[in-house]
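These numbers come from the heavy atoms of this one structure, side chains and all, not from hydrogens, waters or symmetry mates.
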Amino acid sequence: MGEMFGSRVRDSRSITADQALIHMIKVMMGTGMLSLPLAFKHSGLWLGLILLCCICLICIYCTRQLIFGQHYITFIKREQRMDYANVMRSAVELGPAWIRGHGYLFKQMVNINMFVAQFGFCCVYFVFMADNLKQFFDQTSNIHISQAGWIALLLIPISALCTIRELKALAPLAAIANFVYLIAVVIVLQDLFSDWQPWDQLPAFGSLESLPLFFGTVMFAFEGVAVVLPIENQMNEPIHFITPNGVLNTSCILVLLVYMTVGFFGFLRYGLDIKDTLTLNLPQTPFYQAIKIMFVLCILVSYPLQFYVPMERVEKWIKRKVVETKQEPMIYAIRFGGVVLTCAMAQLIPHLALFISLVGSVAGTSLTLVFPPLIELLCCYSRQELTKWVWIRNIGLMAFAMVGFTTGTYASMVQIVEAFGKSDV
């Protein structure tokens with residue numbers, strides 16, 4: 001442990017454990033958290049509480065597998081840092097002879113899932129903003145525009161923001177947005193404790209058919225797995241990330257407590273009338289209407305941050321493959337095309353809860369629950385520690401993930417097909 005998690009050389013990007021903790025909490029408290037009360041409607045009040053804890057603990061364990069796998073690989077390769085896709089590739093290349101030649105394929109599988117996840121988040125942002133803007137103007141003015149109309153209008157400011165290619169240029173806006181988002185979340189939490197429905201009038205256990213939707217929504221809420229390694233890779237003392245009271249465990253437990261509060265008390269507050277996101281259930285007063293606009297502005301700033309992850313990889317590829325004179329026009333064309341694509345997908349599936357469940361079931365499950373156990377199996381093979389318990393543990397995790405993936409994806413797609421043609425006016 002001491003050698004694998006030794007101190008790193010400090011540079012301008014290095015962060016402390018406290019800073020890493022703040023970043024971890026920030027990336028996991030996104031729009032998915034506001035849909036957890038609906039997830040509890042799918043699972044039932046008490047079953048949702050139990051399953052949320054279980055899924056969170058499994059996600060923590062799998063993330064620890066990813067971190068340990070990364071440090072084992074960087075230790076034997078004498079490197080200090082490595083991203084998720086290259087950890088996967090290196091693990092495959094350490095495995096049995098029959099799989100070693102497929103490292104590049106597995107690397108691209110991770111990259112594709114990351115692309116799907118990041119673009120999925122962007123599509124969800126479109127629908128989230130459109131839903132809240134529509135409700136705000138419907139209730140406070142004579143302006144009545146359909147959800148599809150709002151999604152199209154949002155294309156203008158988002159396209160403008162996505163022309164910014166440097167994260168440092170977005171940093172001041174992101175800092176303000178984080179502060180505003182925190183205030184808005186606190187206000188929403190305060191509303192959850194203002195009034196409750198009778199406990200015995202809410203289902204304690206949901207139907208088996210709706211549990212996959214619960215799974216997909218929860219997996220979407222734990223959307224921070226793609227940035228776990230980038231955060232850990234910047235730490236001066238990586239050992240503080242993985243210890244029992246370290247950054248990973250502490251941040252996930254704190255976020256779990258917030259998730260449990262939002263999901264449980266959100267469902268208890270609004271009951272079976274809960275909508276796709278908690279903001280749509282807020283009281284129709286000027287104060288709470290303003291909170292919706294605060295959330296919209298925060299998510300508007302968050303969009304280019306999520307968009308940056310896949311675009312950074314695309315730009316690196318363009319700079320390697322395209323002549324210099326054509327690079328800039330191609331980069332901006334692809335950026336605009338990416339925004340239009342997410343806008344078109346949001347128009348195609350304009351149902352926030354179903355979109356969240358679909359993205360969580362597909363990309364969230366693969367990145368969080370499938371690849372880390374596979375990495376541990378391959379690393380244990382390399383160390384000649386592939387015991388029966390290691391096989392049982394990791395095959396069990398991947399089987400759980402595949403059940404969630406298939407049922408969650410199927411249930412989401414069925415609901416999406418059924419929702420087609422419904423008016424959003």
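- Smallest separation of non-hydrogen atoms from G271 and L202: CA-CD2, 3.6 Å.
- Counting heavy atoms from C-beta outward, L229 and V87 have side chains that approach closer than 4.5 Å.
- Below 30°, between 30° and 60°, or above 60°: for F222 and Y259 the angle between ring planes is above 60°, a perpendicular geometry.
- Between R313 and D83, at least one side-chain N (NZ, or NE/NH1/NH2) sits under 4.0 Å from a carboxylate O, which counts as a salt bridge.
- For E79 and K77, the salt-bridge test fails: no basic side-chain N is under 4.0 Å from an acidic carboxylate O.
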task: Would you check, one step at a time, whether the test side-chain contact (heavy atoms from CB on, under 4.5 Å) holds for M294 with I183?
output: CA-CA 9 Å; M294 290 170 65; I183 294 173; 4.2 Å; yes
Kindly list each side-chain donor-acceptor pair under 3.5 angstrom involving residues 43-50, sequence neighbours excluded, with atom names and distances?
unit_1, atom_1, unit_2, atom_2, d
S43, OG, A39, O, 3.4
S43, OG, F40, O, 3.4
S43, OG, G48, N, 3.4

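- Within a 6.0 Å radius of OH in Y61, more than 12 heavy atoms belonging to other residues, nucleotides or ligands are found.
- For the atom pair SG (C62) and CD1 (I67), the distance works out to 12.5 Å, reported to the nearest 0.5 Å.
- With hydrogens and angles ignored, the 3.5 Å screen pairs a side-chain donor or acceptor of Q347 with a backbone N or O of A148.
- Taking every heavy atom of both residues into account, Q118 and P310 meet most closely at CB-CD, 3.8 Å.
- For the atom pair L358 CG and I416 CD1, the distance stands at 4.5 Å (nearest 0.5 Å).
- Both the sub-6.0 Å distance and the 45° axial angle are not jointly satisfied by R64 relative to the ring of F68.
- Checked by atom type and distance alone, the side chain of Q234 pairs as donor or acceptor with a backbone atom of P230 at under 3.5 Å.
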*asked:* side-chain hydrogen bond (donor to acceptor under 3.5 Å, both in side chains), that's the test. Do H71 and E232 meet it? Break it down for me.
replied: CA-CA 11 Å; H71 278 272; E232 195 273 350; 2.4 Å; yes
### Steps toward side-chain contact (heavy atoms from CB on, under 4.5 Å) verdict (M88, L378)
CA-CA 9 Å; M88 186 74 250; L378 293 166; 4.1 Å; yes
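- With a 4.5 Å cut-off on side-chain heavy atoms, K319 and K316 do not count as touching.
- Within the structure, the ring pair (Phe, Tyr, Trp, His ring centres under 6.0 Å) test picks out no pair touching residues 310-346 (sequence neighbours left out).
- If you run side-chain contact (heavy atoms from CB on, under 4.5 Å) between T217 and each of S412, S357, S361, P212, only S357 comes through.
- Remark: side-chain polar atoms of Y125 are not paired, donor with acceptor, to backbone N or O of L300 under 3.5 angstrom.
- Rounding to the nearest 0.5 Å gives a distance of 11.5 Å between SG of C343 and CG of L348.
- Contact annotation: the side chain of L280 approaches that of T277 to within less than 4.5 Å [non-hydrogen atoms, C-beta and beyond].
- The 12-atom threshold is not exceeded at OH of Y410, counting heavy atoms of other residues, nucleotides or ligands nearer than 6.0 Å.
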Take V247 and I242 through the test side-chain contact (heavy atoms from CB on, under 4.5 Å) and record every step on the way to the result.
CA-CA 7 Å; V247 171; I242 206 71; over 6 Å; no
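- Counting only N and O atoms by type, the side chains of D191 and Y270 include a donor and acceptor under 3.5 Å apart.
- Of all heavy-atom pairs between V296 and M129, the closest is O-SD, 3.7 Å.
- Side chains of R269 and F265 form no contact here, defined as non-hydrogen atoms less than 4.5 Å apart.
- Put simply, CD1 on I60 and CD1 on I55 are 12.5 Å apart, with the number rounded to the nearest 0.5 Å.
- Take C162 and apply the side chain to side chain contact (heavy atoms under 4.5 Å, CB included) test, not counting sequence neighbours, and it matches I158, Y303, P304, F307, R335, V339.
- Inspection of the H351 and Q147 side chains reveals no N or O donor paired with an N or O acceptor under 3.5 Å.
- A donor-acceptor pair under 3.5 Å is formed between the side chain of R100 and the backbone N or O of G95.
- Residues that satisfy the side chain to side chain contact (heavy atoms under 4.5 Å, CB included) test with I22, not counting sequence neighbours, are absent from this structure.
- Considering only heavy atoms from C-beta on, D131 stays 4.5 Å or farther from W150 through its side chain.
- Side chain of N233 to backbone of M82: a donor-acceptor contact under 3.5 angstrom is found.
- Side-chain contact between L397 and Q65 is present, with at least one heavy-atom pair separated by less than 4.5 Å.
- Contact check for M109 versus F371: side-chain heavy atoms found under the 4.5 Å cut-off.
- Considering only heavy atoms from C-beta on, I291 stays 4.5 Å or farther from T279 through its side chain.
- Among residues two or more places apart in sequence or in another chain, the side chain to side chain contact (heavy atoms under 4.5 Å, CB included) test is passed with V262 by M33, P37, L189, V258, L278.
- Identified under the ring pair (Phe, Tyr, Trp, His ring centres under 6.0 Å) test for residues 84-118, with sequence neighbours left out: none.
- For the atom pair E324 CD and I318 CD1, the distance stands at 13.5 Å (nearest 0.5 Å).
- With T365 contributing its side chain and V362 its backbone, the two residues share no donor-acceptor pair below 3.5 Å.
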Give the intermediate values and the outcome of side-chain contact (heavy atoms from CB on, under 4.5 Å) for residues M345 and C122.
-> CA-CA 10 Å; M345 287 298 297; C122 291; over 6 Å; no
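- Of the N and O atoms on the side chains of S302 and Y181, not one donor lies less than 3.5 Å from an acceptor on the other residue.
- The structure places CG of L133 at 9.5 Å from CZ of F128, a figure rounded to the nearest 0.5 Å.
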